[in-house]
Amino acid sequence: MSPLIDLVNLDLSESTDKIIAEYIWVGGTGMDVRSKARTLSGPVDDPSKLPKWNFDGSSTGQATGDDSEVILHPQSIFRDPFRKGKNILVMCDCYAPSGEPIPTNKRYYAAKIFSHPDVKAEEPWYGIEQEYTLLQKHINWPLGWPLGGYPGPQGPYYCAVGADKSYGRDIVDAHYKACLFAGINISGINAEVMPGQWEFQIGPVVGISAGDQVWVARYILERITEIAGVVVTFDPKPIPGDWNGAGAHTNYSTKSMRSNGGYEVIKKAIKKLGMRHSEHIAAYGDGNERRLTGRHETADINNFVWGVANRGASVRVGRETERDGKGYFEDRRPASNMDPYVVTAMIAETTILWEPSHSHSNGK
């Protein structure tokens, strides 16, 4: 190993009790993950025992230059797969010095939904299928694709093996193991339909933790691709034309849906989602209209349809759920660049707390 690698891999536990905490937050675009590190006097396993911190919000699009301080509130802790040892990753959200959440703090509003007694009683479970595309660094063209050209049409690449069909497996496997090391409930990975595109699944996770875990998994992926000299994009349609887009299908169930008679609860919940289709679409990711065309395993963005085992639907119910009369459903509308805090909270709010008005009931 080179002297630099030796130093990167130094085991601090042999010489000091101090640890490094990497504070992570979501920046001003809503998709840029930011982080910075600080030294702590010893190991910490409770976010409430971590110090609050601040950063220059004028440099992240989250404050003005004349009043630039933004305060980081630690919310959840993960093991650090890069520094290892007792070092940690800390997912934070962002507040003004007055204590008010700043406009880009979507976690704060999600936490309000998930702390509602009616939502807590239903124990909402989420499984999020995060798709992403790996790009060659200097040309923003998918990994494995000929420079300025195209591979053969889709068909051989989904869950494929082989050097002519699978591109970036070392990055994907490194990410998988790093997430498990961190304590993220990553439940699987697979190559997607478009070559150079992959997916990881987070869940089942309850409530606000789903958003925390997806964001930290994204952060870890950004760090690994940085090391590999590859770019990751969460654009919902990175390559125009006859290529699959990238989504973040969100699987969801409540205690009532998982119990006997749950299928009826699921159907009522899906009906509510249909009534608020336009509101959900508006919150489900930028550029989603390029992906939700009614082709490439999507429903048209303007229409809400659901079905059993239908991958061209807005919402899909599995055959197993239909057969058992209980289980979960999959909202296929969220784009790969959606904010998991926004999507998970909105699904819970619509299906558990929201009651249709009389005008909605009449189809207005």
Side-chain angles (χ1 to χ4, degrees), residues 29-33 128-176 188-201 214 217-218 221-250 281-282 284-303 311-314 316 330-340 343:
T29 69
M31 268 308 290
D32 54 324
V33 190
I128 297 173
E129 305 171 30
Q130 175 69 70
E131 294 178 345
Y132 59 93
T133 308
L134 298 173
L135 304 176
Q136 300 169 60
K137 185 176 178 182
H138 296 296
I139 58 169
N140 278 351
W141 199 239
L143 202 64
W145 288 35
L147 294 185
Y150 295 87
Q154 295 184 155
Y157 310 108
Y158 174 69
C159 295
V161 295
D164 57 340
K165 298 180 285 292
S166 176
Y167 313 119
R169 190 183 298 277
D170 52 349
I171 291 167
V172 174
D173 242 27
H175 178 252
Y176 196 173
I189 54 105
N190 60 268
E192 265 305 327
V193 175
M194 188 181 89
Q197 196 171 83
W198 294 80
E199 171 184 301
F200 63 87
Q201 301 96 30
V214 169
R218 285 174 172 176
L221 182 58
E222 293 266 18
R223 287 282 304 274
I224 290 170
T225 51
E226 174 191 319
I227 294 164
V230 168
V231 172
V232 59
T233 178
F234 296 100
D235 188 283
K237 186 75 173 179
I239 304 296
D242 199 15
W243 303 97
N244 273 36
H249 302 153
T250 301
I281 286 294
Y284 273 16
D286 291 334
N288 212 7
E289 71 285 348
R290 293 183 280 116
R291 167 180 161 259
L292 295 181
T293 59
R295 300 181 63 221
H296 305 110
E297 300 184 73
T298 70
D300 185 276
I301 195 167
N302 298 308
N303 301 318
R311 282 186 161 72
S314 315
R316 181 185 69 87
E330 174 192 42
D331 191 338
R332 296 179 61 80
R333 297 171 296 172
S336 49
N337 61 1
M338 62 79 158
D339 187 320
V343 169

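Only heavy atoms go into these numbers, but all of them, side chains included; no hydrogens, no water, no symmetry mates. Heads up: numbering here begins at 1 and tracks the sequence. Remember, it's a predicted structure, so these values are computed and weren't measured experimentally.
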>> I need the K137 NZ to L134 CG distance, nearest 0.5 Å.
In response: 14.0 Å
> So, does Q136 use its side chain to make a donor-acceptor pair with the main chain of P142 at under 3.5 Å?
Replying inline: yes
>> What verdict does the side chain to side chain contact (heavy atoms under 4.5 Å, CB included) test give for D170 and H175, after you've listed the backbone C-alpha separation in whole Å, the side-chain angles of each residue and the deciding distance to 0.1 Å?
In response: CA-CA 9 Å; D170 52 349; H175 178 252; over 6 Å; no
> Do R332 and E297 come within less than 4.5 Å of each other through their side chains, counting heavy atoms only?
Replying inline: yes
>> Using side-chain heavy atoms (C-beta onward) and a distance below 4.5 Å, is P195 in contact with W145?
In response: yes
> Nearest heavy-atom pair of T298 and T293: which atoms, and what distance?
Replying inline: OG1-N, 3.3 Å
> How long is the gap from CG on D32 to CD on E222, to the nearest 0.5 Å?
Replying inline: 9.5 Å
>> If I compare all heavy atoms of G285 with all of A335, which pair ends up nearest, and what's the gap?
In response: CA-CB, 4.1 Å
> Would you say T250's side chain and A248's backbone share a donor-acceptor pair under 3.5 angstrom?
Replying inline: yes
>> If I compare all heavy atoms of D331 with all of S314, which pair ends up nearest, and what's the gap?
In response: OD1-O, 3.6 Å
> Does R218 reach the side chain of M31, with side-chain heavy atoms less than 4.5 Å apart?
Replying inline: yes
> So which heavy atom on A246 is nearest to which on D235, and how close?
Replying inline: CB-O, 3.7 Å
>> Nearest 0.5 angstrom please: N140 CG to T233 OG1, how far?
In response: 8.0 Å
> Can you name the closest pair of heavy atoms from G152 and W243 and give their distance?
Replying inline: O-CH2, 3.7 Å
> When N244 is tested against each of H296, Q197, E192, Q154 for side chain to side chain donor-acceptor pair (under 3.5 Å), which residue passes?
Replying inline: Q154
> If you look at every heavy atom in P334 and N288, which pair is closest and at what distance?
Replying inline: C-ND2, 4.3 Å
>> Within this structure, what is the CD-CD1 distance for the pair Q201 and I189, rounded to the nearest 0.5 Å?
In response: 8.0 Å
> Is the shortest side-chain N to carboxylate O distance from R295 to D300 below 4.0 Å?
Replying inline: no
>> For W141 and Y150, take the angle between the two ring planes, folded into 0 to 90°, and tell me which bin it lands in: parallel under 30, tilted 30 to 60, perpendicular over 60.
In response: perpendicular
> Can you check whether Y176 and W198 have ring centres sitting under 6.0 Å from each other?
Replying inline: no
> Could you state the interatomic distance from CG (N190) to CD (E131), rounded to the nearest 0.5 Å?
Replying inline: 8.0 Å
> Counting distance only, does the side-chain N/O of D286 pair as donor-acceptor with the main-chain N or O of N337 below 3.5 Å?
Replying inline: no
> Is a side-chain donor or acceptor of R316 paired with a backbone partner of R311 at a separation under 3.5 angstrom?
Replying inline: no
> Between the side chain of T225 and the main-chain N/O of L221, is any donor-acceptor distance below 3.5 Å?
Replying inline: yes
> Backbone N or O of F234 within a donor-acceptor pair of the S336 side chain at under 3.5 Å?
Replying inline: yes
> Please walk me through it: do V230 and L135 pass side chain to side chain contact (heavy atoms under 4.5 Å, CB included)?
Replying inline: CA-CA 6 Å; V230 168; L135 304 176; 5.8 Å; no
> Taking the side chain as C-beta and beyond, is there a heavy-atom pair between L292 and I281 under 4.5 Å?
Replying inline: yes
>> For the CE atom of M194 and the CG atom of D242, what is their distance to the nearest 0.5 Å?
In response: 12.0 Å
> Does some side-chain heavy atom of Y132 sit less than 4.5 Å from a side-chain heavy atom of V172?
Replying inline: yes
